[in-house]
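Keep in mind that the numbers below use all heavy atoms, side chains included, and drop hydrogens, waters and symmetry copies. Along the sequence shown, the residues carry numbers beginning at 1.
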Amino acid sequence: MKKINIVTFLLLIYSTAFAQNPTSGIIIGTKVGASKMITEITPDFKEHLTEFDHKPGLAIDLEISKLFLNHWEIGTDVFLTNIRGENDNPDFTAEGFHYKMKNPIDDPVEYTNRLTGQRFFVGYYFRSFENINTSRMPEPFLRAGIGYLQYGVELKYQDPELGSIFGKGTGDFTNFSTSSMLLFLSAGVKSYFSPNFFINTTLSCNYTNYDFLDGVYNYYNDGTRADLRGIYTEFKLGFYFQTNGSGKSRRHGKGSSADPLPFSR
(Lines give C-alpha, C1' and ligand atoms only; values in the text may rest on other atoms or scores of the structure.)
Protein backbone atom coordinates (compact mmCIF):
# COMPACT_ATOMS: atom_id res chain seq x y z
CA MET A 1 0.00 0.00 0.00
CA LYS A 2 2.97 2.34 0.55
CA LYS A 3 3.77 2.11 -3.17
CA ILE A 4 0.16 2.99 -4.03
CA ASN A 5 0.28 6.00 -1.69
CA ILE A 6 3.48 7.24 -3.34
CA VAL A 7 2.03 6.85 -6.86
CA THR A 8 -1.14 8.70 -5.87
CA PHE A 9 0.87 11.53 -4.31
CA LEU A 10 2.96 11.93 -7.46
CA LEU A 11 -0.16 11.93 -9.66
CA LEU A 12 -1.73 14.66 -7.53
CA ILE A 13 1.43 16.76 -7.86
CA TYR A 14 1.46 16.21 -11.63
CA SER A 15 -2.17 17.17 -12.05
CA THR A 16 -1.70 20.26 -9.87
CA ALA A 17 1.19 21.48 -11.96
CA PHE A 18 -0.08 20.61 -15.44
CA ALA A 19 -3.90 20.56 -15.25
CA GLN A 20 -5.74 22.37 -18.03
CA ASN A 21 -7.90 24.02 -15.39
CA PRO A 22 -5.34 25.41 -12.90
CA THR A 23 -7.97 27.47 -11.07
CA SER A 24 -9.58 24.36 -9.64
CA GLY A 25 -7.02 24.06 -6.85
CA ILE A 26 -7.18 21.22 -4.34
CA ILE A 27 -10.52 19.94 -3.05
CA ILE A 28 -10.85 18.87 0.59
CA GLY A 29 -14.04 17.56 2.14
CA THR A 30 -15.92 15.10 4.26
CA LYS A 31 -18.92 12.86 3.58
CA VAL A 32 -21.41 11.30 5.99
CA GLY A 33 -24.26 8.91 5.35
CA ALA A 34 -25.50 5.34 5.64
CA SER A 35 -24.05 2.00 4.58
CA LYS A 36 -25.65 -1.42 4.24
CA MET A 37 -24.48 -4.87 3.22
CA ILE A 38 -26.39 -6.27 0.24
CA THR A 39 -25.26 -9.85 -0.35
CA GLU A 40 -22.39 -12.26 -0.95
CA ILE A 41 -21.94 -13.47 -4.50
CA THR A 42 -19.80 -15.81 -6.60
CA PRO A 43 -17.09 -14.25 -8.80
CA ASP A 44 -19.17 -14.98 -11.92
CA PHE A 45 -22.21 -13.22 -10.35
CA LYS A 46 -24.42 -16.29 -10.97
CA GLU A 47 -25.10 -17.29 -7.35
CA HIS A 48 -25.62 -15.22 -4.23
CA LEU A 49 -26.19 -15.93 -0.55
CA THR A 50 -27.81 -13.77 2.14
CA GLU A 51 -27.87 -15.17 5.68
CA PHE A 52 -28.87 -12.03 7.61
CA ASP A 53 -31.45 -9.29 7.69
CA HIS A 54 -28.97 -6.50 7.01
CA LYS A 55 -29.41 -3.10 8.71
CA PRO A 56 -27.99 0.36 7.82
CA GLY A 57 -25.03 1.79 9.68
CA LEU A 58 -23.07 5.05 9.84
CA ALA A 59 -20.47 5.80 7.14
CA ILE A 60 -17.95 8.69 7.25
CA ASP A 61 -14.92 9.60 5.14
CA LEU A 62 -12.35 12.35 4.59
CA GLU A 63 -11.34 13.11 1.02
CA ILE A 64 -8.78 15.07 -1.01
CA SER A 65 -8.89 15.38 -4.80
CA LYS A 66 -7.88 17.44 -7.83
CA LEU A 67 -9.69 18.29 -11.07
CA PHE A 68 -7.75 18.06 -14.35
CA LEU A 69 -8.06 17.76 -18.14
CA ASN A 70 -11.43 19.57 -18.22
CA HIS A 71 -13.58 16.56 -17.21
CA TRP A 72 -11.51 14.40 -14.86
CA GLU A 73 -10.76 14.13 -11.16
CA ILE A 74 -8.23 12.09 -9.18
CA GLY A 75 -8.22 11.64 -5.43
CA THR A 76 -8.12 9.50 -2.34
CA ASP A 77 -10.10 9.13 0.87
CA VAL A 78 -9.92 7.41 4.24
CA PHE A 79 -13.13 6.00 5.62
CA LEU A 80 -15.00 4.44 8.52
CA THR A 81 -18.04 2.34 7.56
CA ASN A 82 -20.33 0.39 9.88
CA ILE A 83 -22.51 -2.47 8.68
CA ARG A 84 -24.65 -4.82 10.78
CA GLY A 85 -27.35 -7.46 10.55
CA GLU A 86 -29.52 -9.91 12.47
CA ASN A 87 -30.73 -13.50 12.12
CA ASP A 88 -33.47 -14.71 14.47
CA ASN A 89 -33.49 -18.25 13.05
CA PRO A 90 -29.89 -19.17 12.21
CA ASP A 91 -29.21 -21.83 9.60
CA PHE A 92 -25.68 -21.08 8.45
CA THR A 93 -23.82 -23.09 5.82
CA ALA A 94 -20.82 -22.98 8.18
CA GLU A 95 -22.59 -25.02 10.88
CA GLY A 96 -20.87 -28.36 11.30
CA PHE A 97 -17.79 -27.24 9.32
CA HIS A 98 -16.28 -24.09 10.89
CA TYR A 99 -14.46 -24.84 14.16
CA LYS A 100 -16.58 -22.24 15.99
CA MET A 101 -19.81 -23.72 14.63
CA LYS A 102 -19.37 -27.46 15.08
CA ASN A 103 -22.73 -27.52 16.89
CA PRO A 104 -25.94 -25.93 15.53
CA ILE A 105 -26.71 -22.36 16.58
CA ASP A 106 -30.27 -22.15 17.83
CA ASP A 107 -30.48 -18.70 19.41
CA PRO A 108 -30.86 -15.36 17.56
CA VAL A 109 -27.55 -13.83 16.48
CA GLU A 110 -26.26 -10.56 15.06
CA TYR A 111 -23.09 -9.22 13.50
CA THR A 112 -21.42 -5.83 13.58
CA ASN A 113 -18.55 -4.84 11.30
CA ARG A 114 -16.48 -1.66 11.59
CA LEU A 115 -14.67 -1.27 8.27
CA THR A 116 -11.75 1.13 7.95
CA GLY A 117 -9.43 1.71 5.02
CA GLN A 118 -8.38 3.90 2.13
CA ARG A 119 -9.61 4.26 -1.45
CA PHE A 120 -8.09 5.77 -4.59
CA PHE A 121 -10.37 6.93 -7.37
CA VAL A 122 -10.72 8.54 -10.78
CA GLY A 123 -13.84 10.58 -11.51
CA TYR A 124 -15.45 11.86 -14.70
CA TYR A 125 -17.73 14.93 -14.94
CA PHE A 126 -20.19 14.95 -17.84
CA ARG A 127 -20.05 18.73 -18.20
CA SER A 128 -16.81 20.46 -19.12
CA PHE A 129 -15.29 22.43 -16.23
CA GLU A 130 -15.39 25.48 -18.52
CA ASN A 131 -19.19 25.37 -18.37
CA ILE A 132 -19.66 24.60 -14.69
CA ASN A 133 -21.16 27.55 -12.83
CA THR A 134 -21.89 28.43 -9.21
CA SER A 135 -25.68 28.73 -9.48
CA ARG A 136 -26.37 25.44 -7.63
CA MET A 137 -27.06 23.55 -10.85
CA PRO A 138 -26.47 19.82 -10.29
CA GLU A 139 -23.28 18.57 -11.93
CA PRO A 140 -23.42 14.76 -12.52
CA PHE A 141 -20.31 12.61 -12.25
CA LEU A 142 -19.08 9.03 -12.02
CA ARG A 143 -16.23 7.58 -9.99
CA ALA A 144 -14.42 4.26 -9.96
CA GLY A 145 -11.55 3.12 -7.83
CA ILE A 146 -9.66 0.59 -5.75
CA GLY A 147 -8.72 0.39 -2.10
CA TYR A 148 -8.43 -1.86 0.91
CA LEU A 149 -10.56 -2.76 3.94
CA GLN A 150 -9.55 -3.53 7.52
CA TYR A 151 -12.19 -5.59 9.34
CA GLY A 152 -13.44 -5.14 12.90
CA VAL A 153 -16.21 -7.76 12.77
CA GLU A 154 -17.95 -9.73 15.50
CA LEU A 155 -20.64 -12.40 15.34
CA LYS A 156 -22.50 -12.70 18.63
CA TYR A 157 -25.75 -13.78 20.22
CA GLN A 158 -28.44 -11.13 20.56
CA ASP A 159 -28.69 -12.12 24.21
CA PRO A 160 -25.60 -10.48 25.81
CA GLU A 161 -25.38 -13.25 28.41
CA LEU A 162 -24.60 -15.80 25.70
CA GLY A 163 -21.55 -13.85 24.49
CA SER A 164 -19.67 -13.86 21.20
CA ILE A 165 -19.24 -16.65 18.66
CA PHE A 166 -16.45 -15.49 16.37
CA GLY A 167 -14.84 -12.35 14.97
CA LYS A 168 -11.74 -10.62 13.68
CA GLY A 169 -10.03 -7.36 14.55
CA THR A 170 -12.20 -6.34 17.52
CA GLY A 171 -13.15 -7.27 21.09
CA ASP A 172 -11.85 -10.70 22.07
CA PHE A 173 -10.66 -11.26 18.50
CA THR A 174 -8.14 -8.43 18.08
CA ASN A 175 -5.35 -10.95 17.46
CA PHE A 176 -7.14 -12.10 14.29
CA SER A 177 -6.59 -9.17 11.97
CA THR A 178 -8.02 -9.31 8.45
CA SER A 179 -7.95 -7.01 5.43
CA SER A 180 -9.02 -7.35 1.81
CA MET A 181 -9.06 -5.52 -1.51
CA LEU A 182 -11.96 -3.24 -2.40
CA LEU A 183 -13.33 -2.15 -5.78
CA PHE A 184 -16.06 0.47 -6.03
CA LEU A 185 -18.23 2.43 -8.46
CA SER A 186 -20.07 5.64 -7.54
CA ALA A 187 -22.60 7.94 -9.20
CA GLY A 188 -23.36 11.39 -7.88
CA VAL A 189 -24.13 15.05 -8.38
CA LYS A 190 -22.51 18.13 -6.90
CA SER A 191 -23.78 21.70 -6.59
CA TYR A 192 -21.68 24.83 -6.02
CA PHE A 193 -22.83 27.45 -3.52
CA SER A 194 -19.80 29.66 -4.24
CA PRO A 195 -16.55 29.31 -6.22
CA ASN A 196 -15.00 27.63 -3.17
CA PHE A 197 -17.82 25.69 -1.50
CA PHE A 198 -20.04 22.89 -2.79
CA ILE A 199 -21.95 19.83 -1.65
CA ASN A 200 -22.42 16.49 -3.35
CA THR A 201 -24.47 13.35 -2.96
CA THR A 202 -23.14 9.93 -3.96
CA LEU A 203 -24.42 6.38 -4.19
CA SER A 204 -21.64 3.78 -4.16
CA CYS A 205 -21.48 0.04 -4.73
CA ASN A 206 -18.49 -1.62 -3.01
CA TYR A 207 -17.16 -5.06 -3.94
CA THR A 208 -14.64 -6.93 -1.80
CA ASN A 209 -12.83 -10.17 -2.62
CA TYR A 210 -13.48 -11.75 0.79
CA ASP A 211 -16.63 -13.44 2.16
CA PHE A 212 -16.48 -12.17 5.75
CA LEU A 213 -18.42 -8.90 5.79
CA ASP A 214 -21.08 -10.54 7.97
CA GLY A 215 -18.64 -12.42 10.21
CA VAL A 216 -19.61 -15.85 8.83
CA TYR A 217 -17.70 -17.98 6.32
CA ASN A 218 -19.72 -19.94 3.78
CA TYR A 219 -19.46 -23.63 2.86
CA TYR A 220 -20.78 -26.08 0.29
CA ASN A 221 -22.53 -29.30 1.33
CA ASP A 222 -19.32 -31.29 1.03
CA GLY A 223 -17.58 -29.04 3.57
CA THR A 224 -15.40 -27.03 1.16
CA ARG A 225 -15.25 -23.24 1.54
CA ALA A 226 -17.47 -21.34 -0.86
CA ASP A 227 -15.65 -18.81 -3.02
CA LEU A 228 -17.85 -15.76 -2.45
CA ARG A 229 -17.39 -11.97 -2.57
CA GLY A 230 -19.06 -9.33 -0.41
CA ILE A 231 -21.09 -6.35 -1.68
CA TYR A 232 -22.28 -3.35 0.31
CA THR A 233 -23.65 0.06 -0.64
CA GLU A 234 -23.24 3.58 0.73
CA PHE A 235 -25.30 6.75 0.34
CA LYS A 236 -23.52 9.92 1.47
CA LEU A 237 -23.83 13.69 1.57
CA GLY A 238 -20.53 15.57 1.24
CA PHE A 239 -19.34 19.07 2.16
CA TYR A 240 -16.29 20.45 0.35
CA PHE A 241 -13.89 23.36 0.19
CA GLN A 242 -12.05 24.04 -3.07
CA THR A 243 -8.85 26.09 -2.87
CA ASN A 244 -8.07 28.75 -5.47
CA GLY A 245 -5.74 27.86 -8.31
CA SER A 246 -2.94 29.91 -9.79
CA GLY A 247 -4.79 31.41 -12.74
CA LYS A 248 -7.85 33.43 -13.66
CA SER A 249 -11.07 31.55 -12.95
CA ARG A 250 -12.70 29.89 -15.92
CA ARG A 251 -15.94 29.08 -14.11
CA HIS A 252 -18.95 30.98 -15.40
CA GLY A 253 -21.47 32.66 -13.12
CA LYS A 254 -24.80 34.35 -13.76
CA GLY A 255 -25.09 36.25 -16.96
CA SER A 256 -22.45 34.18 -18.65
CA SER A 257 -22.83 33.40 -22.32
CA ALA A 258 -21.58 29.86 -21.72
CA ASP A 259 -23.91 27.04 -22.66
CA PRO A 260 -25.95 26.32 -19.48
CA LEU A 261 -27.36 22.98 -20.63
CA PRO A 262 -26.35 19.83 -18.70
CA PHE A 263 -23.72 17.56 -20.27
CA SER A 264 -22.58 20.33 -22.65
CA ARG A 265 -19.05 20.15 -23.91
Side-chain angles (χ1 to χ4, degrees), residues 1 4 8 27-41 43 45 48-66 72-86 110-126 138-155 167-170 178-191 198-216 228-241:
M1 296 312 301
I4 297 178
T8 303
I27 299 171
I28 302 171
T30 183
K31 297 199 296 287
V32 61
S35 56
K36 184 179 179 181
M37 183 175 172
I38 300 302
T39 190
E40 291 175 310
I41 197 166
F45 292 89
H48 68 90
L49 177 67
T50 301
E51 296 184 307
F52 288 88
D53 178 16
H54 300 295
K55 307 293 185 180
L58 178 66
I60 302 173
D61 66 48
L62 298 174
E63 177 184 305
I64 181 170
S65 65
K66 179 70 174 68
W72 296 91
E73 180 181 26
I74 188 171
T76 184
D77 68 20
V78 292
F79 63 87
L80 168 64
T81 295
N82 295 278
I83 56 177
R84 60 191 183 92
E86 300 173 349
E110 63 184 4
Y111 78 90
T112 58
N113 196 347
R114 185 190 68 253
L115 300 166
T116 57
Q118 186 173 12
R119 290 174 293 211
F120 307 89
F121 62 84
V122 173
Y124 179 82
Y125 286 81
F126 292 94
E139 306 293 344
F141 63 88
L142 294 175
R143 283 181 178 177
I146 188 171
Y148 68 93
L149 292 172
Q150 189 76 33
Y151 293 71
V153 59
E154 183 178 20
L155 176 68
K168 290 191 176 184
T170 188
T178 297
S179 60
S180 66
M181 183 183 71
L182 173 71
L183 300 174
F184 76 95
L185 178 66
S186 300
V189 294
K190 78 174 181 179
S191 298
F198 66 87
I199 64 172
N200 74 15
T201 56
T202 56
L203 177 63
S204 302
C205 181
N206 302 274
Y207 173 93
T208 178
N209 66 337
Y210 195 49
D211 68 334
F212 203 61
L213 286 177
D214 57 9
V216 179
L228 299 180
R229 309 291 192 260
I231 296 177
Y232 69 95
T233 59
E234 295 171 299
F235 180 78
K236 294 178 182 175
L237 175 65
F239 303 88
Y240 293 85
F241 175 76

In the structure I gave you, are the side-chain heavy atoms of [X] and [Y] within less than 4.5 Å of one another anywhere?
X: Tyr111; Y: Ile83; answer: yes
X: Glu73; Y: Phe121; answer: yes
X: Leu149; Y: Thr81; answer: no
X: Tyr232; Y: Leu182; answer: yes
X: His54; Y: Ile38; answer: no
X: Thr76; Y: Gln118; answer: yes

Pairwise distance [atom1]([X]) to [atom2]([Y]) - rounded to 0.5 angstrom:
X: Arg229; Y: Phe45; atom1: CZ; atom2: CZ; value: 9.0 Å
X: Tyr210; Y: Glu40; atom1: OH; atom2: CD; value: 11.0 Å
X: Phe235; Y: Thr201; atom1: CZ; atom2: OG1; value: 5.5 Å
X: Asn206; Y: Thr233; atom1: CG; atom2: OG1; value: 8.0 Å
X: Leu203; Y: Glu234; atom1: CG; atom2: CD; value: 9.5 Å
X: Leu183; Y: Ile231; atom1: CG; atom2: CD1; value: 10.5 Å

What's the shortest heavy-atom distance between [X] and [Y], and which atoms?
X: Asn200; Y: Phe141; answer: ND2-CZ, 3.9 Å
X: Ala187; Y: Leu142; answer: CB-CD2, 3.8 Å
X: Ala34; Y: Ala59; answer: C-CB, 4.3 Å
X: Asn209; Y: Ser180; answer: OD1-CB, 3.5 Å
X: Gln150; Y: Ser179; answer: OE1-CB, 3.5 Å
X: Pro138; Y: Val189; answer: CB-CB, 4.3 Å

Relative to each other, are the rings of [X] and [Y] parallel, tilted or perpendicular (30° and 60° limits)?
X: Tyr240; Y: Phe198; value: parallel
X: Tyr151; Y: Phe212; value: tilted
X: Tyr124; Y: Phe126; value: perpendicular

Item to complete: Taking the six-membered ring of Phe79 (Phe, Tyr or Trp), confirm whether the NZ or CZ of Arg119 is under 6.0 Å from its centre and within 45° of its axis.
Response: yes
Between [X] and [Y], is there a donor-acceptor pair closer than 3.5 Å when you use the side chain of the first and the backbone of the second?
X: Thr208; Y: Met181; value: yes
X: Asn82; Y: Leu58; value: yes
X: Thr39; Y: Leu49; value: yes
X: Thr30; Y: Asp61; value: yes

